[in-house]
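Read through the structure below, which is laid out as structure tokens, and then see the notes.
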Amino acid sequence: MTALGVSLLRGAVTSPFKRAGGPGATLPTGRAVLPAAPAAPAPLAAYRTLCGFTDPETLPLTYPHVLGFPLAMRLMTERSFPLPVLGLVHTWIEITAHRPPRPEDRLELTVYAAELTPHRRGTEVTMVTEARCAGETVWESRSGYLSRHAAAGGTAARSRGTTVRAGTPTVAAETAPPDAPAAGAGLPAVAEWRLPGDLGRRYGAVSGDRNPIHLHPLTARLFGFPRHLAHGMWTVARCLAEAETGAGTGTGTGTRPGTGAGTETGAKDRARIRSVRAEFKAPVLLPATVTYAAAGDAFLLRGGDRVHLTGTVVRER
């Protein structure tokens, strides 16, 4: 069994004994480290192909997060972690490449829990992944994971509180505004992708994330979903690959309005993406047909009128 599989099993065992939102909750101060090593060529090539990345000289912007995810899961399933990992919802991610990591770079990955924040729907934890090469931080990501629960008194939590950092107790929360409408909902369509039913299994094979909700309809139903879901990190990666190249390669390739399945003129002249902020709005049930829409630095993924993902990128100047 892989390290990630062990963590998933441990999470299934420990989650029923954890109570999210309890008073005095603290984050563990430990860090998980993956020793410096270059990316393995075969898994990297498979990931590029599935997500549509075409630049062989640099790592896909999302790839160090994939490499560090088993470390994050290991931390989130430890007994000292205050939230049950079962039911955690990945709500947002920010990724910044201080310089483009290369496949031959010997990256040392460090993952830790940074913040615990009361949220109007529960409690949100921020996990940080950092990649260093020869002691220099070249890449980092921050991810939010929401544990939904009722607030004290039995009503849904309705506040976003003061940040709780690793090792400090929770404090009183402040009132939060209601959710804003999905940003960028009016962006123009760029491409339509048909996502096959086996996409979750294929992404699980290249990323190691074989969470049952992504694999089969039957295993997804055990967790309350009518069908299995596409990985949120695949949707981010696929959108970034499209934003980088516009080449329409990779799983999910479809048609472009007015152009069929061709490539976009001048795609190779686009400036490299240095950072991205993405928010996960709704799961993508497989199989599915989704639309990638973008304009300027903003993008989104939608299915019909339902927005699944919104994001913005910052490009190198």
Side-chain angles (χ1 to χ4, degrees), residues 51-55 58-66 68-69 89-101 114-115 117 119 124 126-131 137-146 160 163 176-193 230-248 250 252 256-257 264 266-284 290-303 305-317:
C51 298
F53 292 102
T54 59
D55 183 359
T58 63
L59 289 180
L61 186 62
T62 48
Y63 198 61
H65 178 87
V66 172
F69 185 65
V89 179
H90 196 181
T91 51
W92 58 268
I93 186 168
E94 295 176 346
I95 303 175
T96 299
H98 300 291
R99 74 153 173 83
E115 301 170 354
T117 306
H119 184 281
E124 188 174 77
T126 299
M127 301 296 295
V128 177
T129 303
E130 299 171 342
T137 300
V138 297
W139 180 100
E140 59 186 308
S141 74
R142 298 173 67 85
S143 284
Y145 296 91
L146 175 64
R160 182 179 299 277
T163 294
D179 285 346
L187 294 177
V190 175
E192 184 179 85
W193 301 328
H231 291 74
M233 285 306 300
W234 180 87
T235 65
V236 174
R238 186 68 187 87
C239 288
L240 287 177
E242 185 74 18
E244 284 184 355
T245 67
R256 296 170 179 279
E264 184 169 326
K268 294 182 180 297
D269 297 330
R270 298 183 183 189
R272 190 187 309 276
I273 295 173
R274 183 172 64 85
S275 65
V276 62
R277 161 88 186 196
E279 298 191 9
F280 303 101
K281 300 296 186 181
V284 179
V290 295
T291 299
Y292 168 75
D297 296 329
F299 67 89
L300 63 79
L301 192 70
R302 62 176 177 250
D305 294 330
R306 191 178 199 192
V307 175
H308 299 292
L309 173 76
T310 64
T312 55
V313 299
V314 176
R315 298 180 184 272
E316 294 181 352
R317 296 184 180 275

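When reading the values below, keep in mind they use all heavy atoms of this one structure, side chains included, and skip hydrogens, waters and symmetry mates. Residue numbers count from 1 along this sequence.
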Nearest 0.5 Å, please: how far is [atom2] in [Y] from [atom1] in [X]?
X: M233; Y: S141; atom1: CE; atom2: OG; answer: 7.5 Å
X: I95; Y: R142; atom1: CD1; atom2: CZ; answer: 13.0 Å
X: E244; Y: C239; atom1: CD; atom2: SG; answer: 12.0 Å
X: T137; Y: E130; atom1: OG1; atom2: CD; answer: 5.5 Å
X: R302; Y: H308; atom1: CZ; atom2: NE2; answer: 10.5 Å

Restricting to non-hydrogen atoms, name the atom on [X] and the atom on [Y] that form the minimum distance, rounded to 0.1 Å.
X: L59; Y: P64; value: CD1-CG, 4.4 Å
X: A189; Y: T291; value: CB-CG2, 3.6 Å
X: A114; Y: V128; value: CB-CG2, 3.7 Å
X: R315; Y: A243; value: NH2-O, 3.0 Å
X: W234; Y: C51; value: CD1-SG, 3.8 Å
X: T58; Y: P100; value: CG2-CB, 3.8 Å

Side-chain contact, heavy-atom cut-off 4.5 Å: [X] with [Y]?
X: T235; Y: W193; answer: no
X: V236; Y: F280; answer: yes
X: R274; Y: R317; answer: no
X: M127; Y: F69; answer: no
X: L301; Y: R238; answer: no

Exercise for the section: Give a yes or no on whether the backbone of L61 and the side-chain of W139 come within a donor-acceptor separation of less than 3.5 Å. Expected result: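 Indeed, once roles are kept as given, a pair shorter than 3.5 Å links the two residues.
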
Problem - Residues that T91 engages under side chain to side chain donor-acceptor pair (under 3.5 Å), provided they are two or more places apart - result: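 With neighbours one apart ignored, the set is E124.
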
Problem - Pairing residues for T62 by the side chain to side chain donor-acceptor pair (under 3.5 Å) criterion, not counting sequence neighbours - result: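 Scan of T62 (side chain to side chain donor-acceptor pair (under 3.5 Å), adjacent residues dropped) gives Y47.
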
Could you work out, with side chain to side chain contact (heavy atoms under 4.5 Å, CB included) as the rule, every residue matching [X], not counting sequence neighbours?
X: E279; result: W92, R277, K281, T310
X: D297; result: V313
X: S143; result: H65, H90, I93, Y145
X: P283; result: L229, R306

